[in-house]
Amino acid sequence: MRRSMRLLAAVVGLAAGLLAFGTASAQIEDQISAYTGDNAEGYLQPLADAIGADLNGGLWSSAYIPPDGFHLSLDTRIVAVLFSDDDETFDATTEEGFSPEQTIAAPTVVGSGDAVVVQGDGGTSFAFPGGFSLNSFTLAVPQVRIGSVRGTEALIRYIALDTGDVELGNVSLYGFGLRHSISQYIDEPVPADIAAGFFWQKFTLGDELIDATAFTVGVQASKQLPAGVVLFE
């Protein structure tokens, strides 16, 4: 029952976060309507990079994997990325049909909210839309950990939501990975548990508004301490 409540809380938390982001994303759709091709990609790139980094965070908290026996862990991970000054602008070029062609440092989706306007021939102008002045991006990720068969366990992440916005479309996050205990093959006592594994996941928002894929391969090490151990005095 307790695990079920934890999973429900995780799903509700992620749903609330993604729905709030969905409202902002509908505004992003309006902002990038002035862009096509490379400009649209450059405008969204910092946010796509942040989501990719978030997806790679908080996969595992311990390297210990029981050699055999069923275990199930339901939890949620909160991961965040801070944006730097370099993320606030990108090299944007005026769109086809505007003369003369000009390239400037325009705001990205996380940059200044002020649009940048350049002047062209015959009194024409081109506006590079502003961003949303974002300092960070946080994502709550529900996940299920299942094992163990000969020191191997699976990790699954999945959620799909309809934001209710026709232009924005659906939000989905799913992923799957396996991890295997390396410690079980070491005869001598080792100071820590060691495991290795991989994880693949995908996050999509709207009709290709954001499409981020992450593949992680790594080795983890951790040490379980008995209750009551004091590390520092």
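Keep in mind that this is a model prediction, so the values were computed, not measured.
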| said: Is there a side chain to side chain contact (heavy atoms under 4.5 Å, CB included) between L173 and Y158? Walk through the geometry before answering. | reply: CA-CA 5 Å; L173 167 66; Y158 175 79; over 6 Å; no
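- For H180 and F198, the ring centers sit 6.0 Å or farther from each other.
- Across every non-hydrogen atom of P67 and S148, the tightest pair is O-OG, 3.5 Å.
- At least one side-chain heavy atom of R179 sits under 4.5 Å from a side-chain heavy atom of I65.
- Distance OG1/T213 to CZ/F203: 11.5 Å, rounded to 0.5 Å.
- Listed by chain and residue number, nothing satisfies the salt bridge (charged side-chain N to carboxylate O under 4.0 Å, His left out) test with R157 (two or more places apart in sequence, or in another chain).
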Got a list of side-chain donor-acceptor pairs under 3.5 Å for residues 85-93, not counting sequence neighbours?
unit_1	atom_1	unit_2	atom_2	d
D87	OD2	S84	N	2.9
D87	OD2	S84	OG	3.3
T93	OG1	T103	OG1	2.9

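- Side-chain contact check for W200 versus T216: every heavy-atom pair is 4.5 Å or farther apart.
- Counting heavy atoms of neighbouring residues, nucleotides and ligands inside a 6.0 Å radius, atom CG of N135 does not exceed 12 of them.
- Taking F176 as the reference, A154, I156, L178 meet the side-chain contact (heavy atoms from CB on, under 4.5 Å) condition, with sequence neighbours excluded.
- Counting heavy atoms from C-beta on, the side chains of L47 and D49 never come closer than 4.5 Å.
- One finds the CH2 atom of W60 at 8.0 Å from the CD atom of E153 (value rounded to the nearest 0.5 Å).
- In plain terms, the two heavy atoms of S61 and R77 that are nearest each other are OG-NH2, 3.3 Å.
- Residues R150 and S181 bring no donor and acceptor atom of their side chains to less than 3.5 Å of each other.
- Closest approach of G42 to P46, counting heavy atoms only: O-CD, 3.7 Å.
- P100 is listed as a side-chain neighbour of D121, based on a closest heavy-atom distance under 4.5 Å.
- The shortest non-hydrogen separation linking A63 to Q220 is CB-O, 3.6 Å.
- Listed for the Q102 side chain is no donor-acceptor partner under 3.5 Å among the backbone atoms of G120.
- Side-chain contact between E101 and E96 is absent, with no heavy atoms from C-beta onward closer than 4.5 Å.
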| Run the side chain to side chain contact (heavy atoms under 4.5 Å, CB included) check on V144 and L72 step by step: do they pass? | CA-CA 7 Å; V144 180; L72 176 67; 3.4 Å; yes
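- Taken together through direct or relayed side-chain contacts under 4.5 Å among Ile, Leu, Val, Met, Phe, Trp and Tyr, I78 and L82 form parts of separate hydrophobic clusters.
- Residue I146 is not grouped with residue V149 when hydrophobic side chains (ILVMFWY) are merged at heavy-atom distances under 4.5 angstrom, including chains of intermediate members.
- Taking hydrophobic clusters as Ile, Leu, Val, Met, Phe, Trp and Tyr residues chained together by side-chain heavy-atom distances below 4.5 Å, V219 shares a cluster with I182.
- Between Y35 and A106 the shortest heavy-atom distance is OH-CB, 4.0 Å.
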| request: Would you sort out whether Q45 and V110 count as a side chain to side chain contact (heavy atoms under 4.5 Å, CB included), showing the intermediate values? | output: CA-CA 9 Å; Q45 195 62 52; V110 305; over 6 Å; no
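- With sequence neighbours left out, the side-chain contact (heavy atoms from CB on, under 4.5 Å) criterion links S133 to no other residue.
- Side-chain contact between K202 and Y174 is present, with heavy atoms from C-beta onward closer than 4.5 Å.
- Minimum heavy-atom separation, H71 to P66: CE1-CD, 3.7 Å.
- Partners of K223 under the salt bridge (charged side-chain N to carboxylate O under 4.0 Å, His left out) rule, at least two apart in sequence or in another chain, do not exist in this structure.
- Summarising the geometry, atom CZ belonging to F137 is positioned 9.0 Å from atom CG belonging to L134; distances are rounded to the nearest 0.5 Å.
- Between V116 and P107 the shortest side-chain heavy-atom distance falls below 4.5 Å.
- Considering only heavy atoms from C-beta on, F83 stays 4.5 Å or farther from T108 through its side chain.
- With sequence neighbours left out, the ring pair (Phe, Tyr, Trp, His ring centres under 6.0 Å) criterion links F126 to F98, F128.
- Under a hydrophobic clustering in which Ile, Leu, Val, Met, Phe, Trp and Tyr are joined whenever their side-chain heavy atoms come within less than 4.5 Å, directly or via other members, L59 and I51 fall into different clusters.
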